[in-house]
Asks: 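Handing you this structure, nothing more for now.
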Amino acid sequence: MPELPEVETVRSVLAREVITKKIKLVHVTDGRAVRRHKNAKDFRDELEGRTIKSVERLGKNIVVGLDSGRHLVIHLGMTGQVLRAKNAKEPKPKHTHVVITFTSGEELRYVDQRTFGELYVSTPPAEGEEVEVSKFARLSIGGDGLELRRQVPELAHLGIDPFEDQVGWDRFAAVLRSRTLALKTLLTDQDIVSGIGNIYADEILFSAGLMYDRVSESLSTIEIRRLHRTIPEVLTEAIKHGGTTLSDEMFVNPDGEMGTYQELLQVHTREGLPCYQCRSPVAKVVFHQRATYFCAKCQG
DNA sequence: CAAAATTCCTGACTGC
DNA sequence: TGCAGTCAGGAATTTT
């Protein structure tokens, strides 16, 4: 459920709070959260004694730069949370899987009810070793995305990040015309466009006036330009509001604060309620085993 | 090769 | 009240 705006909200709090801090201890209490590592000790050894240099984001991944030259990657999956604590005395929530303690005594806790999320430390490629970056990301003419993919090979497969990669509408048109996928499937495929999930796909398609099952190659130039423009517009607005916290209250930032963009959702979770544009009821269908909300009158 | 289905997981909720 | 069944969905994996 955390998508680009929620991950960006977490990133910006972490960037403010943990850069220059030194990691003293790492406790893993559920090995599934660090499953890419051969064991929890291997993960711990990569972090203890390291200082945090940067906190970036690519798609739905938080990328924490370490003074070792390696990167701690955090993916929140469906229900993952990164929570700050002043000290070890603050009670640990249920499903706390990893605790990172800084030399200051402050902690970062990784909490994840469903354990779809994960943390791992990525090793950059050896000198002269080439990283195969996804062909869609290679369309970018700027931004930090390409360099980040080269530093973190596990993320090299990610498609266009709406903020970290710069891809103009004409190249975006080539992406759409190269596939025959439904628009929602394309927008949520992380290997094509990274960062968009079920909520924002519905919201972006509503704002662009496009039906979720329109085949990507069928769009007119005007429709492509509208979609290309709408993606960053919707995501930027959601970031301004600290992301979306649905009624399950699963998303909170590291300070435990909920987002407010749920109040601004146009269609997602609004089944049967009047469309803000035309007053006809918002519809819900299951599309590729995912709940999909839309206005049949406003989206074509 | 692409596209669709399956799988992982826990808690909330539904119906009997 | 209990309990089996269902649903939520990101992304790696498997199947078509």
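All chains are named by letter (A, B, ...) in the order of the sequence lines, taking the proteins before the strands, and each is independently numbered beginning at 1. The model shown is predicted, which means the values in this text are computed figures rather than measured ones.
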Asks: Does A:Lys94 put a side-chain nitrogen or oxygen below 4.0 Å from OP1 or OP2 of B:dG11?
Replies: yes
Asks: Answer yes or no: does a side-chain N or O of A:Arg35 lie under 4.0 Å from OP1 or OP2 of C:dA12?
Replies: no
Asks: Measure up the A:His97 and A:Tyr110 rings against each other and bin them: parallel (under 30°), tilted (30 to 60°), perpendicular (over 60°).
Replies: tilted
Asks: Using the side-chain heavy atoms of A:His75, tell me which of these nucleotides is nearest: C:dA11, B:dA3, C:dG9.
Replies: C:dA11
Asks: Is A:Thr185 near enough to B:dA4 that one of its side-chain N or O atoms lies under 4.0 angstrom from OP1 or OP2?
Replies: no
Asks: Please determine, for the side chain of A:Arg179, which listed nucleotide (C:dA11, B:dA3, B:dG11) has the closest atom?
Replies: B:dA3
Asks: Taking the nucleotide of DNA chain B with the closest heavy atom to each, which residue, A:Ser178 or A:Gln289, is nearer the 5' end?
Replies: A:Ser178
Asks: Assuming nearest nucleotide by heavy-atom distance, tell me which of A:Arg36 and A:Phe116 is located more 5' along DNA chain C.
Replies: A:Phe116
Asks: Should we count NE2 of A:His27 as having more than 12 external heavy atoms under 6.0 Å?
Replies: no
Asks: Report yes if a side-chain nitrogen or oxygen of A:Lys284 is closer than 4.0 Å to either non-bridging phosphate oxygen (OP1 or OP2) of C:dA8; otherwise report no.
Replies: yes
Asks: Figure out the CG/C1' separation between A:Asp112 and C:dA8, and round it to whole Å.
Replies: 14 Å
Asks: Determine whether the side chains of A:Asp112 and A:His95 contain a donor N or O and an acceptor N or O closer than 3.5 Å.
Replies: no
Asks: Between P on C:dT13 and NE2 on A:His157, what's the gap in Å once rounded to a whole number?
Replies: 10 Å
Asks: Is the NZ or CZ atom of A:Arg229 positioned over A:Phe172's six-membered ring, under 6.0 angstrom from the centre and within 45° of the axis?
Replies: no
Asks: Output the rounded distance in Å from CG (A:Leu246) to P (B:dG11).
Replies: 19 Å
Asks: With a 4.0 Å limit, can you tell me whether A:Gln113 has a side-chain N or O closer than that to the phosphate oxygens OP1/OP2 of B:dG11?
Replies: no
Asks: Rounded to whole angstrom units, what separation is found between the CZ atom of A:Phe251 and the P atom of C:dG9?
Replies: 17 Å
Asks: How are the rings of A:His241 and A:Tyr261 set to each other: parallel, tilted or perpendicular (split at 30° and 60°)?
Replies: tilted
Asks: Could a donor-acceptor pair under 3.5 angstrom be found where the side chain of A:Arg290 meets the base of C:dG10?
Replies: yes
Asks: Any side-chain N or O of A:Arg114 below 4.0 angstrom from OP1/OP2 of C:dC7?
Replies: no
Asks: For C:dG9, does OP1 or OP2 lie under 4.0 Å from any side-chain N or O of A:His288?
Replies: no
Asks: Which one, B:dA3, C:dG10, B:dA5, comes nearest to the side chain of A:Leu181?
Replies: B:dA3
Asks: Tell me: CD1 of A:Ile196 to P of C:dG10, nearest whole Å?
Replies: 12 Å
Asks: In whole Å, what is the span from the CE atom of A:Met250 to the P atom of C:dA8?
Replies: 16 Å
Asks: Return the value, rounded to whole Å, for the distance between atom CG of A:Leu158 and atom C1' of C:dA11.
Replies: 11 Å
Asks: Between P on C:dG10 and CG on A:Asp248, what's the gap in Å once rounded to a whole number?
Replies: 12 Å
Asks: Are A:Phe206 and A:Phe294 an aromatic pair by the rule of ring centers under 6.0 Å?
Replies: no
Asks: Would you mind classifying the nucleic acid contact of A:Thr180 as base, sugar-phosphate or nothing, using non-hydrogen atoms under 4.0 angstrom?
Replies: sugar-phosphate
